[in-house]
2 protein chains.
Amino acid sequence: MSSDAAEKRVLEAIAERRELVNDALDEDVPMQSPERLYEATRYLLKAGGKRLRPTVALLTAEALADVEPLSVDYHAFPALDGSEIDVMSAATSIEVIQSFTLIHDDIMDDDDLRRGVPAVHKEYDTETAILAGDTLYAKAFELLSETGADPANGLEAVRRLATTCTQICEGQALDIEFEKRTEVLPEEYLEMIELKTAVLYGTAAATAATLMDADEETVAALYRYGIDSGRAFQIQDDVLDLTVPSEKLGKQRGSDLVENKETLITLHARQQGVDVDSLVETDDVDSVSEAEIEAAVAELEAAGSIEYAEAKAEELTANAKDHLEVLPENEARALLGDIADYLITRGY
Amino acid sequence: MSSDAAEKRVLEAIAERRELVNDALDEDVPMQSPERLYEATRYLLKAGGKRLRPTVALLTAEALADVEPLSVDYHAFPALDGSEIDVMSAATSIEVIQSFTLIHDDIMDDDDLRRGVPAVHKEYDTETAILAGDTLYAKAFELLSETGADPANGLEAVRRLATTCTQICEGQALDIEFEKRTEVLPEEYLEMIELKTAVLYGTAAATAATLMDADEETVAALYRYGIDSGRAFQIQDDVLDLTVPSEKLGKQRGSDLVENKETLITLHARQQGVDVDSLVETDDVDSVSEAEIEAAVAELEAAGSIEYAEAKAEELTANAKDHLEVLPENEARALLGDIADYLITRGY
């Protein structure tokens, strides 16, 4: 991020849209019968989240329409073909998909906590969590089919979201597979995070652009914006795990190393001849010492692996911002650039 | 079914389309990387099934187009608006959704077997089964968004399928809830099976009709055809569990009673004052005696409960067939009527 002012501006932009997205989610996924199912379906949505993906969708629409940010009702938004669309429904459909994947991922990874609260399968049970995820999955497609956009654009958006969901499943399958493999190449890791994380950022931007009736080239560029910033976001996550103090991180620093989770950093280090498997001998996050983590991080730094990942994230962010050049020059476009920066400069 | 000839005709019609549907499924859900994921995704699809729902979709299109059954390529099918649609993709999308729900239901119910082979979560593992179901879920929407139909019709079909998936989740949630409840009303049971089973039959017929560009009234009638025959199908399943010998049923006769599963029959019997909970004392299907089941069935018969369910199934089937009157009189329409009959006259 170029300045504190820019960071302040982007955090405000995110916070303002988060409120609106939260209200829309509350309406789009209402409480209804059967109660236990819908309570579970709403549980994670209500637990918070930055709503970055819907914010990207909303800003994309504002940039394309070339309107002053937040000056137009997202539920009756002027598309380029003169139609009026509910771009908020498109934005929430992306967040609803994100929420469904988190619920199912937490079952698969048997993670206890998510967003500071028990995971859905812990708060309820596995059956209910599977079903809550499945319900959100359907809700997302319902929302996306009811934006009021030109039907050809609506159908194209549905087709892309469906393909995206397939890719997210493939990414999760690769993630599980990599944990069992002895060797993973950095390129394979980058492909995995593209599928598991980045495609939904790409789809957030591209969905808004398609519904807005932007031309194919613009849609493709905005999709790439999302892909590249989404990949940078994930790489930065891996960097933060090593470089941010535990107190600030909200979990043990270096937990990826303790849990033997491969990242772009460890994969690079292996290629540099670092004995990654011996970096941290302790295999329990609760008993690992700060000194052990410190020594491991120092070794990864000496191998240039952290720098390598940071440089990769920066390169991807620069690419992401280049793709924004298809947009008219305006405040919303600037904010999309700031968000790309924010994804790799955020402290946690 | 009016005659052996009619039964032979409908079984042939189902078998002919099953082959074509199986070929299409093999193409639509191809083997690809990551291999373990796609193996699991294809596993249940390849384990068989009658393909009744896609057959209903295909026959609906043939009846509306008023063509001789099997005389036109399903991948280039003449819609009423002059466009050419891939009605087979619509048909397979319904089967793919059915397959996804079975995979996730088997995890939730911890069922070991499905279609005579181990359930996906038993053959692979729970993580892979969740992910295989999620992948099929996306595939179905991908298929349905690529039929080549008028985009407004395509989007309407997507919207309906999404709503249907929500309803199936609600039905499964109710089914789980009812197992824990002390009292369930017959109306509640009928609503549950409508959501859990019948809506996908309704959607099979309505999806084909929408893509064919049939008018709203016709689509609504065909949806009702599917709903009513789907409900009859489920009620007949409950009847068969009590009336068909174990050898023919492929599982212990009366297993619903042993497992304390409520059905329309037991709910009716309760209303007649039968002490349903004491009908079968044995709570293990492997050790229950034929005599115990025989006595229980006799008591349910004396209460008029089996007859009540059979009459209900017949009434629904008659309604279903009435709804077919929106179609031109032709062989495909006759076959849809025969299928409704078959769903309640089939021996198992």
Side-chain angles (χ1 to χ4, degrees), chain A residues 32-38 40-41 100-101 104-105 107-110 125-147 149-174 176-177 192 195, chain B residues 32-38 40-41 100-101 104-105 107-110 125-147 149-174 176-177 192 195:
Chain A
Q32 65 189 78
S33 169
E35 287 194 12
R36 189 177 160 84
L37 173 62
Y38 280 99
T41 299
F100 129 66
T101 64
H104 280 191
D105 280 4
I107 304 171
M108 290 183 239
D109 303 339
D110 200 19
D125 51 61
T126 300
E127 294 71 43
T128 306
I130 291 174
L131 217 43
D134 290 345
T135 304
L136 288 168
Y137 209 149
K139 278 279 174 195
F141 282 96
E142 249 181 301
L143 286 167
L144 194 53
S145 62
E146 289 171 342
T147 62
D150 176 272
N153 291 335
L155 201 56
E156 169 64 10
V158 163
R159 194 200 54 71
R160 184 188 299 106
L161 186 64
T163 303
T164 298
C165 290
T166 311
Q167 292 173 317
I168 293 171
C169 292
E170 291 172 2
Q172 171 71 358
L174 286 177
I176 294 172
E177 185 192 318
M192 184 273 283
L195 292 169
Chain B
Q32 65 189 79
S33 170
E35 286 193 13
R36 189 176 160 85
L37 173 63
Y38 280 99
T41 299
F100 130 66
T101 64
H104 281 191
D105 280 4
I107 304 172
M108 290 182 240
D109 303 339
D110 201 19
D125 49 62
T126 300
E127 295 71 42
T128 306
I130 292 175
L131 217 43
D134 290 345
T135 304
L136 289 169
Y137 209 150
K139 278 279 174 195
F141 282 95
E142 248 181 302
L143 286 167
L144 194 53
S145 62
E146 290 171 340
T147 62
D150 176 89
N153 291 334
L155 200 57
E156 169 64 9
V158 163
R159 193 201 54 71
R160 184 188 300 108
L161 185 64
T163 303
T164 297
C165 289
T166 311
Q167 292 173 318
I168 294 172
C169 291
E170 291 172 3
Q172 170 72 358
L174 286 177
I176 294 172
E177 185 193 317
M192 184 273 284
L195 292 169

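Within every chain, numbering begins at 1; the chains are lettered A, B, ... in the order of the sequence lines, protein sequences first and strands thereafter. Owing to the predicted nature of the structure, the values given are computational and were not obtained by experimental measurement.
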### Task
Assess whether side-chain contact (heavy atoms from CB on, under 4.5 Å) is satisfied between B/Thr101 and B/Tyr137, documenting all intermediate values.
CA-CA 9 Å; B/Thr101 64; B/Tyr137 209 150; over 6 Å; no
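The minimum heavy-atom distance linking B/Met108 with A/Leu131 is given by the pair CE-CD1, 3.5 Å. Shown here for B/Ala138 and A/Thr166, the closest heavy-atom pair between the two residues is CB-OG1, 3.4 Å.
The aromatic rings of A/His104 and B/His104 lie perpendicular to each other, with more than 60° between the two planes, well past the 30° mark.
Heavy atoms closer than 4.5 Å to chain A are found nowhere in B/Thr126, neither backbone nor side chain. Only the side chain of B/Glu177 comes within less than 4.5 Å of a heavy atom of chain A; its backbone N, CA, C and O stay farther away. In this structure, chain A has a heavy atom under 4.5 Å from the side chain of B/Glu146, while its backbone stays farther away. Proximity to chain A is limited to the side chain of B/Gln32, based on heavy atoms less than 4.5 angstrom apart.
Look at A/Lys139 and A/Asp134 and you find no salt bridge, because none of the NZ, NE, NH1 or NH2 atoms lies under 4.0 Å from a carboxylate O.
Highest contact tally toward chain B, considering only A/Asp109, A/Val158, A/Thr163, is held by A/Thr163 [criterion: heavy-atom pairs under 4.5 Å]. Taking B/Glu156, B/Arg159, B/Arg36 one by one and counting their heavy-atom pairs under 4.5 Å with chain A, the maximum is reached by B/Arg159.
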